Amino acid sequence: MTLQRHDCRALDQTDPLAALKTQFDLPPGVIYLDGNSLGVLPRATATRVQQVIQQEWGQDLIKSWNTAGWIDLPERIGNKIGRLLGAAPGQTLVADSTSLNLYKVLSAALSLQQARDGARKVIVSERSNFPTDLYIAASLAAQFGARLQLVDSPEEIAPLLNNELAVLMLTQVNYRSGYLHDMAAMTQAAHAAGALMVWDLAHSAGAIPVDLNAADADFAIGCGYKYLNGGPGAPAFVWVHARWIESCRQPLAGWMGHASPFQFTTDYAPAPGIRRFACGTPALLSLAALECGVDTLLAAEPLGGMAALRQKSVALTELFIALTEARCGELGVRLASPRDAAQRGSQVCLSLAAPLEHASYAVVQALIERGVIGDFRAGDPARLEAVPHILRFGFTPLYLSFTEVFDAVEHLYQVLKQQEWQAPRFAAKGKVT
Ligand SMILES: *Cc1c(COP(=O)(O)O)cnc(C)c1O
C-alpha cells in the first residue's frame, strides 16, 4: 500500500535532516525538483558575495589577493569539495568549467598512456553520456590519433577492456536516466586491462557518497552549479590521484598553474600538486558563491554526511516512484530510470507511453506552472523506444520533504487527468529546456 499525505508529514516530522532546509531561500509555493540542473540559492550566498564586493574588492582592492586569501580559494574550496568525494587534502582544485576540466584530465590521461604504451589508442565511453563529454573526447581523440568508441549499454563495456584501451571515460550518474555506475568495480576492471579511468561526477558530487581514493580512480571532474548549489555557471572542480599529480601534464598550461606565477618567467614549469590544473585567474565572485553552496552540504557532516543524505535521497526517490506508479501509471506514466535504488543516482526520470510520448514537454511546462519544477530532455526522434522523451526530476535531500514529493505526484496526476498540458501555451519551447 502506498503512503498517504499524512504518512509523508509524519516522515518529515521525524526526519533528522529536515532542519538543513533553513539554509536556503526557496520561493514560496515551489517544489523544486531540478537541483540536479541548477542548485538552489543558499541564504548565506548573497551576504557573502556582497561582502566580497563591498569590502574585499571595494575597500581592500588588490590587497585582497593576500589579505582575504583570494589566491588560495581554488585549493581551499577544492579541499572542501574533496571531503564529499573521499579525497585527501591537496587532490581537488576548483577551476574553470566541467568541459574544460575534462579536456585537461583526458588529455593528461592520454599523454600518460602515450608515454607508457603507444599502442593503446582507444577511448571508451557511452553514447548516452552528456554531449559535451563526447565532443571533448572526440576532439582529443582526433588530436592524439586515437579513436573514441561508444557503447549503448554498460554491459558492452567489458569486451572493450583490452590492450587497445587507453582510457575508460564514464559519467558516474547518467544525466538522463540516472543510471549509477559502480565506481570501484568499473575502475578496477579498467585498471586490470591496463587502462586509466576518468570519472565525470557532475551528477554525483553532493548527490551520492563518492570515495575516489577507495575506488583508486585516476582522474575526476565535476560541476559546481548542480548538487553543490554554487550558483549559475559556478566554477567546476578537478581531482587527480596522488600517483599522477607530480608526473602528469595538462595542456592548458596557464600562469596560474605555474610553479611560481609571480616570478613571471618566460618558460612554463608546472606547480607541484593539484594547482598545476589551474589555468588563468579564477572568477572570485563565483568562487565565493560556490563556497557557500559547498558549505550547505558540509553542514550535514554532523548528521551523518553524504551517507545520511543518500539514505534520505533513496527514500525520496522510492516514494516518488511508488506514488507515481500507483497514481499515474494508468495515465501512461512509465519509469525511465533504474528501478533498483543501488543503480540509480539522486534523480528519477519518467516517460509517457503512446499516444502521449510527444506530450512530455508540455506536461513538464504545465507542472512548472503549478510550481513543480523539473525539466524535459528530448529523446532520439528516430529511436523513441530506446531513447524516449523524458520528464526529469532531481531529488535533493538538503531541502526536499516527503510531503513535497507527495504533492508533486498529485500535481502530475492533475496535469494528466485534466489534460492541462494540452493548453497551447505549454507547447512554446524556450531556448533552454
Ligand atoms: C552538467 C554536465 C556538464 C556541464 O559541463 P559545463 O562545462 O559546466 O557546461 C558536463 N558533463 C556532464 C556529465 C554534465 O552532467
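Counting starts at 1 for both ligands and their atoms, following the listed order. Remember, it's a predicted structure, so these values are computed and weren't measured experimentally. Numbers here simply count residues along the sequence, with the first being 1.
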Trainee: Hey, is the main chain of Val240 close enough, under 3.5 Å, to the side chain of Gln91 for a donor-acceptor pair?
Mentor: yes
Trainee: Can you list, by chain and residue number, every protein residue with a non-hydrogen atom closer than 4.0 Å to ligand 1?
Mentor: Ser97, Thr98, Ser99, Phe130, Thr132, Asp133, Thr171, Asp200, Ala202, His203, Cys223, Tyr225, Lys226
Trainee: Using atom types as modelled and distance alone, determine if a side-chain donor or acceptor of Asn79 lies under 3.5 Å from a backbone N or O of Gly90.
Mentor: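 Side chain of Asn79 to backbone of Gly90, a donor-acceptor pair under 3.5 Å: yes, one is there.
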Trainee: Please report the C-alpha distance between Phe277 and Trp239 in whole Å, then the side-chain angles of each, then the deciding distance to 0.1 Å, and finally whether the ring-ring contact (aromatic ring centres under 6.0 Å, His included) criterion is met.
Mentor: CA-CA 9 Å; Phe277 277 80; Trp239 173 93; over 10 Å; no
Trainee: Using distance alone, with no hydrogens and no angle criterion, decide if His411 and Glu369 have a side-chain donor and acceptor under 3.5 Å apart.
Mentor: no
Trainee: Tell me if a side-chain donor or acceptor on Gln347 pairs with a main-chain N or O of Arg176 at a distance below 3.5 Å.
Mentor: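 Side chain of Gln347 to backbone of Arg176: a pair is present.
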Trainee: Quick check: does any side chain N or O of Arg276 sit under 3.5 Å from a backbone N or O of Ala271, one acting as donor and the other as acceptor?
Mentor: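 Indeed, once roles are kept as given, a pair shorter than 3.5 Å links the two residues.
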